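The model shown is predicted, which means the values in this text are computed figures rather than measured ones.
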Amino acid sequence: MKLNSRAAVVVDGCRIPFQRSSTGYKKLRSYDLGRMAVKALLERNSIDSAEIDRVILGTVISNLETSNVARESALGAGIPDTVPAYTVTQACASANQAVTSGAELIRASQADVVVAGGTESMSDVPIRIKRPLRDKLVEAQRYKGLDWLKFFKGLKLSHLLPETPSVTEFSTQRTMGQDCDRLAARYGVKRQEQDEYALRSHKLAHQAWQDGHLPGEVEAAHVPPEFEVVERDNGVRPDTSLDKLAKLRPAFVKPHGTVTAGNSSFLTDGAAAVLLMSDEKADALGLKPKAVIRDYAWTAQDPYEELLLGPAYSVAKVLGQSGLGLSDFDVFEFHEAFAGQILANLRCLESDSFARDKLNRSQAVGEVSMDKFNLWGGSLSLGHPFGATGARLVATACNRLIHEDGQLALIASCASGAIGNAIVLERLP
């Protein structure tokens with residue numbers, strides 16, 4: 001395959017083990033996780049950090065102390081302080097944004113080597129105080145002497161209680177779980193189908209660990225202060241069953257919803273990173289890239305009605321751009337926010353009416369072969385650190401192309417705000 005010298009290639013990708021929030025990384029911040037993932041990526045590829053031109057990391061829940069977590073993670077990983085780094089946020093597709101932004105820098109000759117990925121700590125969520133008390137504290141900076149008596153005027157006991165964080169869509173004030181319940185009902189995705197898909201994800205993830213596929217892309221984390229070694233994801237449930245999943249109660253729409261804790265992705269801490277280069281730079285460094293970023297697409301829809309349908313739109317768009325069809329792909333890696341979300345998107349891609357009404361196409365985009373779909377597990381089983389999942393998808397897609405002797409991989413993700421992303425990867429010889 002003849003590449004343009006400025007083509008953005010994926011040399012490698014890795015991540016630290018994903019952990020359920022408040023477990024293995026409960027005392028760490030997103031900065032710590034990002035630092036470990038970036039350092040592991042450089043060490044496993046024996047890259048001189050002076051070769052790096054840019055570091056881009058995605059995150060969703062920002063810590064004020066490390067608001068540019070990419071910069072802090074890069075410095076913590078030993079990357080020279082002369083290397084610029086910046087943080088992007090695109091909800092659950094934040095790492096996807098980091099990767100595509102890195103590819104754009106390479107294509108524009110603004111960079112030759114980019115570390116792109118993401119990090120997220122759901123164990124270190126900033127807890128806010130309520131607005132009336134915040135206003136009082138800001139005002140209090142000007143107080144002198146008896147002026148402090150003004151502080152308590154107008155305050156209520158309820159103002160002293162912290163604001164409980166929630167994963168809620170700002171424009172609709174609904175949680176993603178509620179939206180998934182609406183989506184599943186609209187497209188006729190039954191509870192049993194969702195549980196069956198969740199079980200599939202856990203079984204495949206467990207098998208991928210047993211077969212040695214996932215250990216090849218996961219680097220152990222050494223957790224301070226005792227530097228305890230974390231080697232595996234702890235969200236995979238090989239002992240789960242349809243009977244166990246069926247006993248779980250609806251988590252969001254009660255009592256008749258179909259979305260449960262068992263068929264939803266769980267709150268996760270973790271980080272992942274990929275090493276991007278121009279093809280000419282990889283050749284100059286004597287490195288063998290795994291794949292080239294052939295194309296990608298971003299889409300956005302109405303958050304009120306189509307919050308989780310990003311993949312259906314972005315996949316259709318990237319196929320139109322690239323001239324490819326679903327049957328051309330050997331590997332599919334889609335983000336599993338919920339089982340119902342995955343199944344609804346697959347149903348939309350197969351629907352002639354969805355194609356006509358929503359995509360301005362005369363017929364359906366096509367059917368995705370489940371024999372090629374998320375074969376090493378997905379977000380439902382491995383976990384979903386909001387800012388990092390896109391980098392995991394890229395790394396896994398590249399590795400599966402090599403292991404399965406495939407040529408093309410398709411990645412797709414949904415994100416808050418009804419954002420969608422799709423990336424086409426082509427394996428390099």
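Atom NZ of K26 is surrounded by 12 or fewer heavy atoms from other residues, nucleotides or ligands within 6.0 Å. Residue Q173 qualifies as enclosed at atom CD: its count of foreign heavy atoms under 6.0 Å is above 12. Summarising the local packing, CG of D239 is surrounded by more than 12 heavy atoms from other residues, nucleotides or ligands at distances under 6.0 Å. Surrounding NZ of K290 are more than 12 heavy atoms belonging to other residues, nucleotides or ligands, all under 6.0 Å away. The 12-atom threshold is exceeded at NZ of K203, counting heavy atoms of other residues, nucleotides or ligands nearer than 6.0 Å. For Q321, the CD atom sits in a packed shell: over 12 heavy atoms of surrounding residues, nucleotides or ligands are nearer than 6.0 Å. Annotation for K244: atom NZ counts as buried by contact number, over 12 foreign heavy atoms lying within 6.0 Å.
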Could you give me the CA-CA distance, side-chain angles and deciding distance for V292 and D279, then say whether side chain to side chain contact (heavy atoms under 4.5 Å, CB included) is met? CA-CA 8 Å; V292 61; D279 184 53; over 6 Å; no

Test K27 against E228 for salt bridge (charged side-chain N to carboxylate O under 4.0 Å, His left out), laying out the working first. CA-CA 12 Å; K27 295 182 180 179; E228 177 184 353; over 6 Å; no

Can you list the steps and then say if F334 with I342 is a side chain to side chain contact (heavy atoms under 4.5 Å, CB included)? CA-CA 8 Å; F334 283 25; I342 281 287; 3.8 Å; yes

Given L410 and V424, is the side chain to side chain contact (heavy atoms under 4.5 Å, CB included) satisfied, shown in steps? CA-CA 5 Å; L410 181 61; V424 175; 4.0 Å; yes

Does the pair N421 and S413 meet the rule for a side-chain hydrogen bond (donor to acceptor under 3.5 Å, both in side chains), with working shown? CA-CA 5 Å; N421 172 252; S413 298; 5.2 Å; no

Test salt bridge (charged side-chain N to carboxylate O under 4.0 Å, His left out) on R6 and D112 and set out the steps. CA-CA 8 Å; R6 299 309 307 172; D112 283 313; 2.8 Å; yes

Tell me, with the steps shown, if I106 and K281 meet side chain to side chain contact (heavy atoms under 4.5 Å, CB included). CA-CA 10 Å; I106 290 170; K281 184 65 173 183; over 6 Å; no

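Among residues two or more places apart in sequence or in another chain, the salt bridge (Lys or Arg N to Asp or Glu O under 4.0 Å) test is passed with R15 by D233. In this view, H206 satisfies the ring-ring contact (aromatic ring centres under 6.0 Å, His included) rule with no residue, not counting sequence neighbours. Considering only residues two or more places apart in sequence or on other chains, E217 meets the salt bridge (Lys or Arg N to Asp or Glu O under 4.0 Å) condition with none of them. For T258, the side chain to side chain contact (heavy atoms under 4.5 Å, CB included) criterion is met by D181, A184, R191, Q194, not counting sequence neighbours. Residues passing the side chain to side chain contact (heavy atoms under 4.5 Å, CB included) test with T175 are T168, Q178, F252, sequence neighbours excluded. Scored by the ring-ring contact (aromatic ring centres under 6.0 Å, His included) test, F354 finds Y313 as partners (sequence neighbours excluded).
Proximity of a side-chain donor or acceptor of E193 to a complementary backbone N or O of K190 within less than 3.5 Å is detected. Although no hydrogens or angles enter the test, the distance criterion places no donor-acceptor pair under 3.5 Å between the side chain of S381 and the main chain of V236. Of the possible polar contacts, one joining the R134 side chain to the I129 backbone as a donor-acceptor pair under 3.5 Å is found. Although no hydrogens or angles enter the test, the distance criterion places a donor-acceptor pair under 3.5 Å between the side chain of K317 and the main chain of W298. For D352 (side chain) and A364 (main-chain N/O), a donor-acceptor pair under 3.5 Å exists by modelled atom type. Here the side chain of D328 pairs a donor or acceptor atom with the backbone of G325 at under 3.5 angstrom. Proximity of a side-chain donor or acceptor of S123 to a complementary backbone N or O of S22 within less than 3.5 Å is detected. Judged by distance alone, the side chain of H202 and the main-chain N or O of R237 form a donor-acceptor pair under 3.5 Å.
Considering R174, E306, E305 as possible partners of D179, the one that fulfils the side chain to side chain contact (heavy atoms under 4.5 Å, CB included) test is R174.
We find the CG-OG distance between N63 and S121 to be 8.5 Å, quoted to the nearest 0.5 Å. Within the model, atoms NE2 of H213 and CG of L204 stand 10.5 Å from one another, a figure rounded to the nearest 0.5 Å. For the atom pair N263 CG and E196 CD, the distance stands at 11.5 Å (nearest 0.5 Å). Here the CD-CG distance, from Q341 to L343, works out to 9.0 Å after rounding to the nearest 0.5 Å. In this structure, CE in M36 is found 10.0 Å from OH in Y31, a value given to the nearest 0.5 Å. Remark: K358 NZ to S353 OG distance equals 10.0 Å, nearest 0.5 Å.
Minimum interatomic distance between S94 and V88 (heavy atoms only, all atoms of both residues): O-CG2, 3.5 Å. Across A412 and V315, no two heavy atoms sit closer than the pair CB-CG2, 3.8 Å. Listed here is the closest heavy atom pair of L276 and A116: CD1-CB, 4.1 Å. Shortest non-hydrogen contact noted between C398 and V10 is SG-CG1, 3.8 Å. I79 and S49 get closest at one heavy-atom pair: CA-CB, 4.1 Å. Across all non-hydrogen atoms, the minimal contact from A312 to C348 is CB-CB, 4.0 Å.
With a 4.5 Å cut-off on side-chain heavy atoms, L309 and Q301 do not count as touching. A heavy-atom distance below 4.5 Å is not found between the side chains of H335 and N96. Counting only heavy atoms from C-beta outward, the side chains of R232 and V218 never approach each other to under 4.5 Å. Proximity of F338 to L183: side-chain heavy atoms (C-beta onward) are nowhere separated by under 4.5 Å. Using a 4.5 Å cut-off on side-chain heavy atoms (C-beta onward), H256 and P250 make no contact. For the pair L425/I293, a side-chain contact is recorded, criterion being any heavy-atom separation below 4.5 Å from C-beta on. Contact annotation: the side chain of T87 never approaches that of T66 to less than 4.5 Å [non-hydrogen atoms, C-beta and beyond]. Side-chain atoms of V99 and V274, non-hydrogen and from C-beta on, do get closer than 4.5 Å to each other.
For R182 and Y304, the positive end sits near the middle of the six-membered ring, less than 6.0 Å away and at most 45° from its axis.
In this structure, a donor-acceptor pair under 3.5 Å is absent between the side chains of D269 and S21. Using modelled atom types and a 3.5 Å distance limit, the side chains of E120 and T268 yield no donor-acceptor pair. For the 3.5 Å distance criterion, the side chains of Q407 and D330 fail to qualify, holding no donor opposite an acceptor.
Note: F332 and F329 have tilted aromatic rings, judged against thresholds of 30 and 60 degrees for the angle between ring planes.
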